[in-house]
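Report on one structure; see the data block that follows.
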Amino acid sequence: MTTSVHGPAEEAAGPQGPPTGPPRSRRALVAGSVGNFIEWYEFGVYGCFATVIAATFFTPEGGGEAEALVRTYASFALAFFFRPVGAALFGRLGDRAGRRPTLILVVLLMTAATTLIGLLPSYAVIGAAAPWLLTLLRIVQGLSAGGEFGGAVSLMTEFAPPGRRGLYGAWQSFTVALGLLGGVGAAAGLATVLSEAQLASWGWRVPFLLALPMGLGALWLRLRLEESPSFRRGPAVPDAAGAPGGGPDGGRGDGRGAAAGAAADGPAVPGVPGAGRAVRASAGETVRAIVLGAGRLMGWSAAGYTFLVVLPSYLQSVLDASFRQALTATVLANAGFAAAILPAGALSDRVGRRAVMVTGAVAAAVTAFPLLDLVQDPAAPTVAKGLAVCAAGAVVGLMAGPGPAMLAEMFPTGVRYTGLGLAYALSNAVFAGCAGLVITYAVERTGEADIPAYYVAVTCAASALALAGLRGDGHRRALRD
């Protein structure tokens, strides 16, 4: 059976429609990236202002600062645990109704929730309702963020030209870095021009309110977006050997893929988006691919949030760094992260996802303790510390660059939005959303300042083992209809 290459932008869409040219690919890249930028901008802002938010919403009279910070990170983690719910709900919608309408809906929800956080009254004004309302808005953010990743990555990789799927998918991770840098930059800028009292009183609200104009811009871009050619074609019907293009886990490709054993109810109808979406992936194989995908992302999730988001409050609470010093370190880490992502994605198109991602996971596990020792050493030169945190971010970028394309290659069209969205959401819920809570609680209880290094080393080592099972030529194979 001959299968079509899934999502090349220069390739004709076949009898279903006209050719999809490079401008459409670029438009999909921008529209898919912009919502992701807003999502991670907000998470970066929340992480930077964790101590301020703790004092504003989680510190009733008589409450301790450490207790408030733990509650703030619990709210942070809660949003992550609603991501899988959002990935399942919006993923099902995106696999049935299309990528475009679903991505429009999720960016509306994210923008509204983020803006409302900036308007939310404090504990001093409305009492115990304040932390509950904040938690509710974080839940809405978690739901919409869960629906964002699967749709954006599906869109980018399905529009990607041949041989550039890793680079196109890497733009999703790159906008994570840009969003985090934007959030950290906004916080650092405010910390420079405002006093600590002004920042704690009202200044922290400004970055959240900026999400409104950004969200309206993202909405405009997505309203102009076209549906992906892969979704319009509908899934291919597998032959007797099983699903085209290999197994759902990017492994041996022996025909036992996510579509193996699926029943076909009818062919795709030309010109009708999503029509004839008859082939259904085997539930058991899809669940297996989701769990495996989450394991492969474990190191990226844990190391990324430890180095890029949790670092500011860790430096402040454990190492007694100033707010400005903590933000500077975070900016450098995120700069290294951003600089490595696109080259890593492009490199994975040449040498494969496995080689690049395993290198990143092993490097993060090996360097976690030396990095933390250097940061903790008061005698170490400031330049050396800056280079170290920048290098730590770059190591995470080696995993984040090829990661989206690797996930897209694990699932066929009919379950791609749901499958890769759930894998990413589960990994982030367990290993990223809990990073701040676990690290803060463990350091407080044990007094062990190396807890972040243990966390990164263990998760990255496990992730490297899971990534070792990737097939070496998966980047050269077509995405499966």
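Everything numeric here is computed off the predicted structure, so don't read it as measured data.
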pair [X]-[Y]: side-chain heavy atoms closer than 4.5 Å:
X: Glu148; Y: Met110; result: no
X: Leu407; Y: Val153; result: no
X: Leu199; Y: Phe49; result: yes
X: Cys390; Y: Phe337; result: no

Side chain to side chain contact (heavy atoms under 4.5 Å, CB included) between Thr102 and Tyr417, worked out: CA-CA 10 Å; Thr102 309; Tyr417 195 140; 3.2 Å; yes
Minimum heavy-atom separation for [X] to [Y], with atom names?
X: Ala31; Y: Leu221; answer: CB-O, 4.2 Å
X: Ser427; Y: Ala294; answer: OG-O, 3.4 Å
X: Met410; Y: Ala289; answer: CE-O, 3.3 Å

NZ or CZ of Arg222 within 45° of Trp220 ring axis and under 6.0 Å: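 No, Arg222 does not lie over the aromatic ring of Trp220.
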Ring centers of Trp300, Tyr305 separated by less than 6.0 Å: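 Trp300 vs Tyr305: aromatic centres not under 6.0 Å.
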Pairwise side-chain hydrogen bond (donor to acceptor under 3.5 Å, both in side chains) hits with a residue in residues 339-354, at least two apart: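 Sorted pair list: Ser348-Arg353, Asp349-Arg353, Arg353-Glu409.
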Selection residues 83-103 - residue pairs positive for ring-ring contact (aromatic ring centres under 6.0 Å, His included), sequence neighbours left out: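 Qualifying pairs, neighbours excluded: none.
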Pairwise ring-ring contact (aromatic ring centres under 6.0 Å, His included) hits with a residue in residues 349-373, at least two apart: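 Pairs touching residues 349-373 that pass the test: Phe369-Tyr454.
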Heavy atoms of other groups near Arg92 CZ, more than 12 under 6.0 Å: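 Result for CZ/Arg92: open.
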Partner of Glu226 under salt bridge (Lys or Arg N to Asp or Glu O under 4.0 Å), chosen from Arg27, Arg100, Arg99, Arg232: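 Exactly one option meets the salt bridge (Lys or Arg N to Asp or Glu O under 4.0 Å) with Glu226, and it is Arg27.
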Check: Ser33/Gln172 side-chain N/O donor and acceptor closer than 3.5 Å: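 Checked: Ser33/Gln172 side chains show no N/O donor-acceptor pair below 3.5 Å.
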